[in-house]
Amino acid sequence: MDTNLTYDAKRAYHHITQLAFPRLVGSAGEAKAQDYIVQQFSELGLDVTREPFSFTKFPAEVLPRLLCGLFVLVVLSVPWFGERFPILICLVCLLSLSVALLFNQWQKRFEGLYDVGRKHHSENIVATNGRKPNDNTPVLLFVAHYDSKSQVLPIAVRAVAYGIAIVGLTTLTTIMVINVVILGWFPDHIILGWLSDLIIWGVAGTTTFCLLLLQINFTQNRSHGGFDNASGVGVMLEVAGVLMARGEKKSITFLAAGAEEYGMCGALRYVQKHADKYDQENTYVINLDGLGVGNGVNVVAGYGIPPVRTANVLADRLQVSGESLGIQVSERHLPIGVGLDSIPIASHGFETVTLTAGDVGRVALKVHSKQDRCTLLNIESLQQVGELIVDVTGRA
């Protein structure tokens with residue numbers, strides 16, 4: 001029996017070890033990773049195309065800092081001026097909260113921001129099995145980003161800071177709304193006078209601290225990115241080998257996306273360029289990001305506040321495959337402060353999920369740091385997710 005017909009996590013892990021080195025956009029490591037992926041796809045007999053694209057860092061690095069600085073002023077205005085100018089401060093808080101929630105979700109109308117500022121360059125690596133899509137057979141698109149980055153704050157800390165900041169801003173806005181309502185009924189009463197200054201300053205201070213903490217989250221090139229996301233690329237390469245060996249009849253595309261760490265740029269550029277080539281009703285997108293830790297597989301099928309759903313049919317089919325294989329498959333909602341390549345693709349109308357590891361635990365604190373190495377991963381977890389992908393591909 002040809003062993004390539006069966007998914008083998010050890011082969012996936014070998015790919016991961018070959019890709020686990022710093023590879024920030026524009027670095028020598030990025031180019032090395034690109035060459036390795038192209039070579040592996042080509043050796044499998046896939047049709048491989050390198051698609052260069054440009055982007056700017058404005059949405060990922062400049063705009064968030066501008067908004068955080070603005071929100072700091074708004075937050076501090078509540079204890080400073082809320083009692084003297086309640087209606088004005090209330091309106092400012094409501095506007096700020098609306099802006100925060102607006103940018104918490106992907107907005108197609110803001111995609112032009114990726115052209116604002118100095119241009120940077122990366123490339124997507126696209127590999128197809130040469131099968132033509134038809135009306136009776138689903139089309140599958142697998143995505144995994146190959147770039148890595150390190151930051152001052154691990155991704156888990158960043159997500160918590162975002163969450164606390166949103167909760168703090170919401171709390172202060174609620175206080176000001178209640179204050180204005182009470183003033184309308186009882187002009188002589190001011191709610192801020194009832195509440196302890198310590199509470200108001202405590203909420204404002206904590207929120208301000210989190211916003212300022214996010215300001216220092218600078219990007220560097222120190223992470224080997226074993227978990228994020230050599231793991232996703234390694235699993236994708238092994239899945240590609242199995243499906244090619246089996247002679248899969250479905251039209252399948254494998255996208256190794258660049259510049260994910262600067263705001264999902266590669267996935268965005270790919271869907272902008274190729275969306276018209278796919279039938280939205282017959283295309284399923286599986287993004288692989290952060291695999292090989294803990295037990296089971298998480299299926300991210302929604303994100304944001306308020307929640308945005310990105311998949312229904314695909315999420316259900318993954319659950320069925322998990323039950324068939326005895327693999328724990330858990331659906332998850334993406335917290336704020338974290339981005340995935342599935343988000344811009346889903347915003348263009350495609351059924352999209354992200355598969356990530358279950359029971360990540362303390363590994364989350366090592367993402368975007370020099371401690372993110374392939375030694376964090378385990379073969380059993382990599383085997384589970386690979387078998388799940390191969391099975392759901394056959395069922396699709």
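Just so it is clear, the model here is predicted, and its values are computed rather than measured. The first residue of the sequence shown is numbered 1, and numbering continues consecutively from there.
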Is [X] reaching over with its side chain to a backbone N or O of [Y], donor-acceptor style, under 3.5 angstrom?
X	Y	answer
Gln105	Pro306	yes
Arg246	Leu5	yes
Asp8	Lys10	yes
Thr128	Thr253	no
Glu260	Ala267	no
Ser381	Asn378	no
Ser347	Pro344	yes
Arg332	Ala301	no
Asn287	Val353	no
Thr283	Gln280	no

Considering only heavy atoms from C-beta outward, does the side chain of [X] approach that of [Y] to under 4.5 Å?
X	Y	value
Ser150	His368	no
Arg50	Asp35	yes
Val392	Tyr284	no
Phe227	Val363	yes
Leu88	Phe81	no
Asn229	Ser231	yes
Thr219	Leu24	yes
Tyr146	Glu30	yes

Neighbour count >12 (heavy atoms, 6.0 Å) for atom [atom1], [X]:
X	atom1	result
Leu94	CG	yes
Arg317	CZ	yes
Phe209	CZ	no
Lys119	NZ	yes

Tell me the closest heavy-atom pair linking [X] and [Y], and the distance in Å.
X	Y	result
Leu268	His348	CD1-NE2, 4.5 Å
Arg23	His224	NH1-O, 2.7 Å
Leu291	Leu377	O-CD2, 3.3 Å
Ala20	Gly226	CB-CA, 4.3 Å
Phe53	Gly266	CZ-CA, 3.5 Å
Val78	Cys93	CG2-SG, 3.6 Å

Would you kindly check if the NZ (Lys) or CZ (Arg) of Lys32 is within the cone defined by 45 degrees around the ring axis of Phe21 and under 6.0 Å from the six-membered ring centre?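 Output yes; distance and angle both within limits.
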Test log, rule side chain to side chain contact (heavy atoms under 4.5 Å, CB included), inputs Leu255 and Asn124: CA-CA 7 Å; Leu255 168 62; Asn124 288 326; 3.7 Å; yes
Identify whether [X] and [Y] are in the same connected component of the hydrophobic contact network (ILVMFWY, side-chain heavy atoms under 4.5 Å).
X	Y	value
Leu70	Leu213	no
Val157	Leu214	yes
Trp80	Leu73	no
Ile175	Val167	no
Phe71	Phe110	yes

Which residue in the set Leu237, Ile125, Val233 passes side-chain contact (heavy atoms from CB on, under 4.5 Å) when paired with Tyr36?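 Result for side-chain contact (heavy atoms from CB on, under 4.5 Å) with Tyr36: Leu237.
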To the closest 0.5 Å, what do you measure between [atom1] ([X]) and [atom2] ([Y])?
X	Y	atom1	atom2	result
Asp359	Gln328	CG	CD	6.5 Å
Leu97	Leu172	CG	CG	10.5 Å
Asn179	Ile89	CG	CD1	11.0 Å
Gln383	Leu388	CD	CG	11.5 Å
Leu169	Cys210	CG	SG	12.0 Å
Ile286	Thr393	CD1	OG1	5.5 Å

Going through the distances and angles, do Glu261 and Val25 end up as a side chain to side chain contact (heavy atoms under 4.5 Å, CB included)? CA-CA 8 Å; Glu261 301 291 7; Val25 170; over 6 Å; no
For the pair His145 and Asp228, evaluate side chain to side chain donor-acceptor pair (under 3.5 Å) and give the outcome as yes or no after the intermediate values. CA-CA 9 Å; His145 77 88; Asp228 180 27; 3.0 Å; yes
Show your reasoning for whether side chain to side chain contact (heavy atoms under 4.5 Å, CB included) applies to His15 and Met236. CA-CA 10 Å; His15 291 308; Met236 184 170 70; over 6 Å; no
Can you tell which of Arg222, Arg158, Gln220 makes a side chain to side chain donor-acceptor pair (under 3.5 Å) with Gln151?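 Exactly one candidate clears the test, Arg158.
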Report all side-chain donor-acceptor pairs from residues 62-69 shorter than 3.5 Å, counting only partners two or more places apart or in another chain.
from	atom 1	to	atom 2	distance (Å)
Arg65	NE	Gln215	O	3.0
Arg65	NH1	Glu61	O	2.9
Arg65	NH2	Asn217	O	3.2

Test Gln319 against Glu323 for side chain to side chain donor-acceptor pair (under 3.5 Å), laying out the working first. CA-CA 6 Å; Gln319 290 284 356; Glu323 293 174 3; over 6 Å; no
Are the charged groups of [X] and [Y] less than 4.0 angstrom apart, N to O?
X	Y	value
Asp372	Lys149	no
Glu248	Lys250	yes
Arg269	Asp115	yes

Output, in order, the C-alpha distance, side-chain angles, deciding distance and verdict of side chain to side chain contact (heavy atoms under 4.5 Å, CB included) for Val235 and Leu382. CA-CA 7 Å; Val235 169; Leu382 291 171; 3.8 Å; yes
Among side-chain atoms of Thr352 and Ser342, is any donor-acceptor pair under 3.5 angstrom?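 Distance-only check fails for Thr352 and Ser342.
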Assign the ring pair Tyr270 / Tyr278 to parallel, tilted or perpendicular, where the plane angle (0 to 90°) is split at 30° and 60°.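 Rings of Tyr270 and Tyr278: tilted, 30 to 60°.
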